[in-house]
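Residue numbers start at 1 and run along the sequence shown. Owing to the predicted nature of the structure, the values given are computational and were not obtained by experimental measurement.
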Amino acid sequence: MSGRYGSIVNSFLHDLSSGLWAAGLLVVWRLAYVTAQLAPPAARALAGVSHELFTVMLVSLAGILVTGGIRLGYWRRRVTADELPYRRRALLVKHALYLAAYGAGTLWAWALQR
């Protein structure tokens, strides 16, 4: 993906993957709560759905990483040399926070899998 349209499509896929991961986390959390209150057959069925959704979360996380790497290439071409030190620091802090949030969220979703 190169050029203007490639950048737009990549950014869309990056944002879509991020939203899908967050929605998946919310649904996995709710399924864990609901399945604890159901009879065993229904609980097993919803646990299967939760496992599949956790897999979707992992695929979304991979999509975030791949499209984020591509986005980094676009970012480097657009930043001027005098802006680079400031933007690089902001980017590192932002991604450290995202890494903590996505890591903790993924571990939590994994822990909710029974």
Side-chain angles (χ1 to χ4, degrees):
M1 276 188 236
S2 62
R4 182 177 182 194
Y5 294 115
S7 174
I8 292 169
V9 169
N10 184 70
S11 290
F12 172 75
L13 292 174
H14 186 76
D15 295 342
L16 180 68
S17 295
S18 298
L20 187 58
W21 180 90
L25 179 62
L26 178 66
V27 174
V28 165
W29 168 61
R30 291 299 301 152
L31 283 174
Y33 175 76
V34 169
T35 54
Q37 301 173 356
L38 294 175
R44 278 192 298 276
L46 286 182
V49 171
S50 180
H51 292 309
E52 288 180 27
L53 194 51
F54 181 69
T55 302
V56 169
M57 285 178 63
L58 294 178
V59 170
S60 295
L61 197 55
I64 293 167
L65 293 172
V66 169
T67 56
I70 295 168
R71 223 174 176 180
L72 180 62
Y74 289 123
W75 178 82
R76 283 185 176 162
R77 282 180 264 166
R78 291 184 186 134
V79 174
T80 62
D82 58 327
E83 293 178 306
L84 193 58
Y86 305 105
R87 287 195 172 212
R88 182 180 290 148
R89 187 177 316 123
L91 191 67
L92 289 172
V93 169
K94 178 181 94 168
H95 283 90
L97 294 173
Y98 279 139
L99 180 63
Y102 281 110
T106 301
L107 285 175
W108 183 39
W110 177 74
L112 291 172
Q113 305 299 306
R114 298 180 195 168

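Closest approach of Ala47 and Thr35 over heavy atoms only: N-CG2, 4.1 Å. Heavy atoms only, all atoms of each residue included: Leu25 and Ala109 are closest at CD1-CB, 3.8 Å. For the residue pair Ala32 and Leu112, the shortest heavy atom distance occurs at CB-CD2, 3.8 Å. Taking all atoms of both residues into account, the shortest heavy-atom contact from His14 to Gly68 is ND1-N, 3.4 Å. Here the closest non-hydrogen pair linking Gly24 and Leu53 is O-CD2, 3.8 Å. Residues Arg87 and Trp75 come closest through the heavy atom pair CB-CZ2, 3.6 Å.
There is no path of hydrophobic side-chain contacts, each under 4.5 Å, that joins Leu65 to Trp21. Val59 is not connected to Trp110 by any chain of hydrophobic side-chain contacts under 4.5 Å among Ile, Leu, Val, Met, Phe, Trp and Tyr, and they are in different clusters. Side-chain heavy atoms closer than 4.5 Å link hydrophobic residues (I, L, V, M, F, W, Y) into clusters, and following such links, even through other members, never connects Leu58 to Leu16. Hydrophobic clustering (side-chain heavy atoms under 4.5 Å, transitive across Ile, Leu, Val, Met, Phe, Trp, Tyr) keeps Tyr74 apart from Leu91. Criterion: ILVMFWY side-chain heavy atoms under 4.5 Å apart, direct or through other members. Under it, Tyr102 and Val27 are part of a common hydrophobic cluster.
Between atom CG of residue Asn10 and atom CG of residue Asp15 there is a gap of 9.5 Å, rounded to the nearest 0.5 Å. Going from atom CG of Leu99 over to atom CG of Leu92 covers 11.5 Å, rounded to the nearest 0.5 Å. In this structure, OG on Ser18 lies 4.0 Å from CD1 on Ile64, to the nearest 0.5 angstrom.
When atom types are taken as modelled, the side chain of Ser50 and the backbone of Leu46 share no donor-acceptor pair closer than 3.5 angstrom.
Counting only heavy atoms from C-beta outward, the side chains of Ile8 and Phe12 never approach each other to under 4.5 Å. In this structure, Leu13 and Val66 have side chains that are not in contact, with every pair of non-hydrogen atoms separated by 4.5 Å or more. Side-chain contact between Glu52 and Thr55 is absent, with no heavy atoms from C-beta onward closer than 4.5 Å.
Defined by atom type and a distance below 3.5 Å, a donor-acceptor pair is present between the side-chain atoms of Arg78 and Ser7.
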Inset, instruction - Under the side-chain contact (heavy atoms from CB on, under 4.5 Å) rule, what do Lys94 and Leu97 come out as? Steps first, then yes or no, please. - result: CA-CA 5 Å; Lys94 178 181 94 168; Leu97 294 173; 5.9 Å; no
Legend entry - side-chain contact (heavy atoms from CB on, under 4.5 Å) between Val28 and Trp108, worked out: CA-CA 10 Å; Val28 165; Trp108 183 39; over 6 Å; no
